[in-house]
Amino acid sequence: MVVRGNCFCMCDSGTCNWWFLMGNCTSGNPTDNIIVNHDFYKGLYSWHPNCCNGFIVSANSGNQVGLSPKSGGNYAVIKNRTEHWQGLEQDITRKISPGSTYSVSACVGVSGPLSGSTDVMATLKLLNHGSGASYMFIGKTSVSKGKWEMVEGTFSLPTVPNQVIFYLEGPPPGVELLIDSVVIRCPSSSKSEKSTSIGCSAVGDEVIINPQFEDGLSNWSGRGCQVVLHDSMADGKIVPETGKVFASASERTQNWNGIQQEITGRVQRKLAYNVTAVVRIFGNNVTTATVQATLWVHTPDRGEQYIGIGKVQATDKDWVQLQGKFLLNGSPSRVIIYLEGPPPGTDILVNALSVKHAEKIPPLPPPIIENPDYGVNIITNSQLSDGTNGWFPLGNCNLSAASGSPKILPPMARDSLGVHEPLSGRYILVKNRTQTWMGPAQMITDKLKLFLTYQVSAWVRIGSGASGPQNVNVALGVDNQWVNGGQAEIKDGRWHEIGGSFRIEKQPSKVMVYVQGPAAGVDLMVAGLQIFPVDRVARFKHLARQTDKTRKRDVILQFSGSESSSLFGTSVTVMQTQNSFPIGSCINRTNIENEDFVDFFVKNFNWAVFENELKWYWTEPQRGNFNYKDADDMLALCQNNKIETRGHCIFWEVQSTVQQWIQALNKIDLMKAVQNRLTGLLTRYKGQFRHYDVNNEMLHGSFYKDRLGKDIRTYMFKTANQLDPSATLFVNDYHVEDGRDTRSYPEKYIEQIIDLQLQGAPVGGIGIQGHIDNPVGPIVCSALDKLGVLGLPIWFTELDVSSLNEHIRGEDLEVMIREAFAHPAVEGVMLWGFWELFMSRDNAHLVDAEGEINEAGKRFLALKHEWLSHAHGRIDIQGQFEFRGFHGTYVVEVETELNKVSRTFVVDKGDSPLVVSIDL
């Protein structure tokens with residue numbers, strides 16, 4: 001957002017920073033230029049046209065505006081300027097250190113209606129909360145058409161304001177400003193030896209004063225407890241791991257008591273910091289406890305916040321290292337870091353605590369997989385043609401081969417493998433099982449390849465004698481760690497399909513696959529177990545064909561007007577500016593204080609959901625103590641940017657998420673509290689949230705049902721619908737789509753939804769959360785197919801994937817989004833975040849903490865670009881132009897002999913061709 005003079009500009013994907021050219025920025029000297037994307041190799045990424053428009057000219061695109069790129073690469077063209085001060089800007093706040101002198105050089109030019117020369121200026125815009133904007137002139141140069149010139153100058157700031165924006169401006173309105181490259185360097189710094197500000201040499205500067213207690217307890221204090229310095233404890237049994245001394249936080253009476261240091265003014269917003277601490281515990285007969293590093297932050301407008309940094313399981317035997325990372329989005333008035341966690345009476349011992357600006361870690365390369373053998377089963381003697389050779393019993397059970405199992409492949413495997421030879425009809429019979437984990441097993445260590453995604457498939461059945469439903473699980477022991485390969489719940493004597501997946505990303509020493517699960521004494525039967533690597537590229541090709549049928553429509557543009565008789569052969573260009581398919585993200589309140597986060601969010605998402613700020617435990621943490629301000633602020637941001645919102649959630653059925661004051665209520669008071677929650681929330685926000693998750697995770701929790709009866713769930717839906725009839729009401733749950741959880745497989749979800757509907761609950765949508773690992777398309781699609789028979793819209797409401805390798809992470813995300821986009825029952829996808837340090841899962845982000853798009857993020861943006869249709873051609877003899885395109889908003893440009901005419905139109909869903917009349 002830019003405000004200057006009387007101009008208010010909220011740039012969106014149709015006007016500003018929508019150009020993403022993938023690759024690495026090739027700076028001449030990238031180590032000291034603080035400008036991101038200085039040569040426009042990544043299009044306009046990190047740059048923002050100031051109340052005007054911009055585009056990129058590349059060396060390959062020809063001499064479009066009168067100049068060839070001076071650097072031989074790309075340059076930016078800033079057009080539609082109506083004021084002298086309009087130009088191109090970049091936020092450099094996090095790169096500036098007080099007292100340092102910076103040199104500026106920019107290669108600039110001009111184009112358009114200009115006779116003679118004009119000045120181009122480099123300027124800083126300085127923003128402080130409560131005091132408006134001020135401007136600092138850096139330098140200027142005289143520029144005429146057809147030549148590149150250099151703007152040069154220097155600047156230094158004694159203190160860094162809340163926001164520092166560098167921009168180029170100057171030419172008269174209507175004149176296009178051309179920018180070939182921008183460099184801002186910090187050749188020297190006046191930092192003192194002990195300064196911890198982030199300047200030219202930010203990485204590695206220590207934020208903590210006296211981090212290893214060399215200066216005693218100077219700058220350290222107790223947080224509700226005493227802090228003592230030691231050279232040893234416990235009769236010399238505890239000594240420092242490094243250095244000569246360590247500190248203890250003692251006389252602790254609360255879990256949050258610990259050792260602390262104020263670091264106000266020594267950390268900067270929008271910079272990521274690594275935290276490391278060497279810790280252990282002592283006393284109170286506690287041998288192990290969690291020690292956590294926490295940040296206490298106070299801001300004038302929002303009060304205090306607590307940010308969890310990292311934690312470790314500490315012991316009374318050895319020193320252990322605690323590691324974590326944090327970033328401040330806003331500008332706090334005070335910041336304190338402290339250690340907490342163990343039970344009262346247990347001392348926290350600290351040998352060192354360090355906070356440093358996080359070093360950039362190069363991403364892992366894309367894995368190279370030789371001879372992946374897609375579709376080839378790695379299980380030996382799967383068809384039992386050689387009896388049970390290759391198999392062994394896990395435990396004291398007995399294995400034998402028998403006949404009478406299905407000869408067809410399980411459906412999910414068939415979808416992956418296509419035409420395939422039939423199964424043999426033989427199965428493994430497991431008898432004399434005395435433990436649930438007993439069953440057939442096989443070693444597969446040498447047959448696995450790292451980073452391949454494996455699909456698991458089998459038919460399973462149980463014998464008689466079971467009391468109630470039984471879980472059967474295909475499991476893997478990977479170096480003695482259990483990995484879930486898929487589960488099925490069996491209630492009868494039929495054969496059931498198990499489908500699942502797994503992936504190994506670190507070289508194991510031993511991998512065993514085994515089938516387990518029914519109660520002791522119940523026979524187990526396993527047929528046709530297959531484990532095979534899946535060909536995702538082949539699946540993507542199939543999905544592309546399906547997507548064309550599901551998300552595209554034939555369009556006929558019918559041109560008319562005073563010149564219609566002479567339109568034949570006229571050039572037509574059609575460009576899609578927005579796909580109408582909802583792709584949104586989770587956000588939280590602190591995110592919206594970070595301009596970089598907001599910029600990426602509003603440009604790449606058209607829906608939002610609030611991570612916590614609408615949940616009951618956030619809006620009423622104590623009885624009668626309400627907090628709607630956070631949700632109000634976030635809703636205002638979304639509404640100002642025309643972003644639709646989901647309401648998550650009115651209630652949450654899992655007991656551990658319910659506030660203690662609610663859990664303590666009797667039945668009558670709990671019912672009143674539920675009524676007040678419904679009335680308060682839905683009356684306040686009537687008509688503002690398009691969806692509500694009414695009672696989250698009802699397949700995994702039953703707090704309200706247990707206390708208020710089964711009918712409470714229907715009551716919640718009915719009352720919510722009465723209070724806000726415009727909102728679509730969703731059920732929402734996890735592990736529905738991946739075959740890993742017998743509590744929430746599709747059939748159980750369908751049963752729950754139908755049961756609610758039969759009681760009159762107006763269930764309007766099905767939410768699949770989508771917290772998934774190593775997804776396999778046919779397994780996900782199978783769940784969607786089953787749920788789709790209900791005829792309700794399906795949304796992925798909390799999608800995230802996790803892998804340390806960004807390339808694999810991007811591939812996993814692509815699997816999920818392509819499956820959703822291709823499926824006719826799916827009507828939207830919500831990511832559960834995208835920014836590092838602000839996601840519920842590690843290694844799931846698309847953008848790193850300081851705003852750099854990673855490989856997974858690039859894959860996501862490439863998908864969004866792929867789903868924008870473009871067409872070019874000429875008007876035919878009937879005055880028409882035909883194309884097939886994705887649903888969404890388009891601009892058509894018609895270039896006649898006299899002028900160029902632009903019109904906007906929308907392609908809605910529909911089976912028949914859409915005829916759009918364009919009056920020229």
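Interatomic distance, CZ of Phe502 versus CG of Asp773, reported as 13.5 Å (0.5 Å rounding). Note that CH2 of Trp616 is 11.0 Å distant from OG1 of Thr657, once rounded to the nearest 0.5 Å. To the nearest 0.5 Å, atoms CD (Gln313) and OG1 (Thr290) are separated by 4.0 Å. Atom CZ of Phe834 is separated from atom CG of Leu799 by 14.0 Å, given to the nearest 0.5 angstrom.
Using a cutoff of 4.0 Å between basic side-chain nitrogens and carboxylate oxygens, Glu370 and Lys449 are not scored as salt-bridged. Between Glu751 and Lys748, no side-chain nitrogen of the basic residue sits less than 4.0 Å from a carboxylate oxygen of the acidic one, so the salt-bridge criterion is not met.
Using modelled atom types, one finds a donor on one side chain and an acceptor on the other under 3.5 Å when comparing Gln759 with Thr714.
Taking each heavy atom of Trp391 and Ile379 in turn, the nearest pair found is CZ2-CG2, 3.6 Å. Counting all heavy atoms, side chain and backbone alike, Arg646 lies closest to Met830 at CD-CG, 3.8 Å. Scanning all heavy atoms of the two residues, the minimum distance from Ser744 to His735 falls at OG-O, 3.4 Å. Shown here for Arg414 and Leu409, the closest heavy-atom pair between the two residues is NH1-O, 2.7 Å.
The aromatic rings of Trp832 and His648 sit perpendicular to each other, their planes meeting at more than 60°, with 30° as the lower class boundary. Ring-plane geometry between Tyr734 and His700 is classed as parallel, the angle between the planes falling under 30 degrees on a 0 to 90 degree scale with a further cut at 60.
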With a 3.5 Å cut-off and sequence neighbours excluded, list the donor-acceptor pairs that the side chains of residues 778-786 form with protein atoms.
residue : atom : partner : partner atom : Å
Asp785  : OD1  : His823  : NE2          : 2.7
Lys786  : NZ   : Glu747  : OE2          : 3.2

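Every pair tested for side chain to side chain donor-acceptor pair (under 3.5 Å) that includes a residue from residues 401-413 fails, sequence neighbours excluded, so the list is empty.
More than 12 heavy atoms of other residues, nucleotides or ligands lie within 6.0 Å of CG in Asp492, so this atom counts as buried by the packing criterion.
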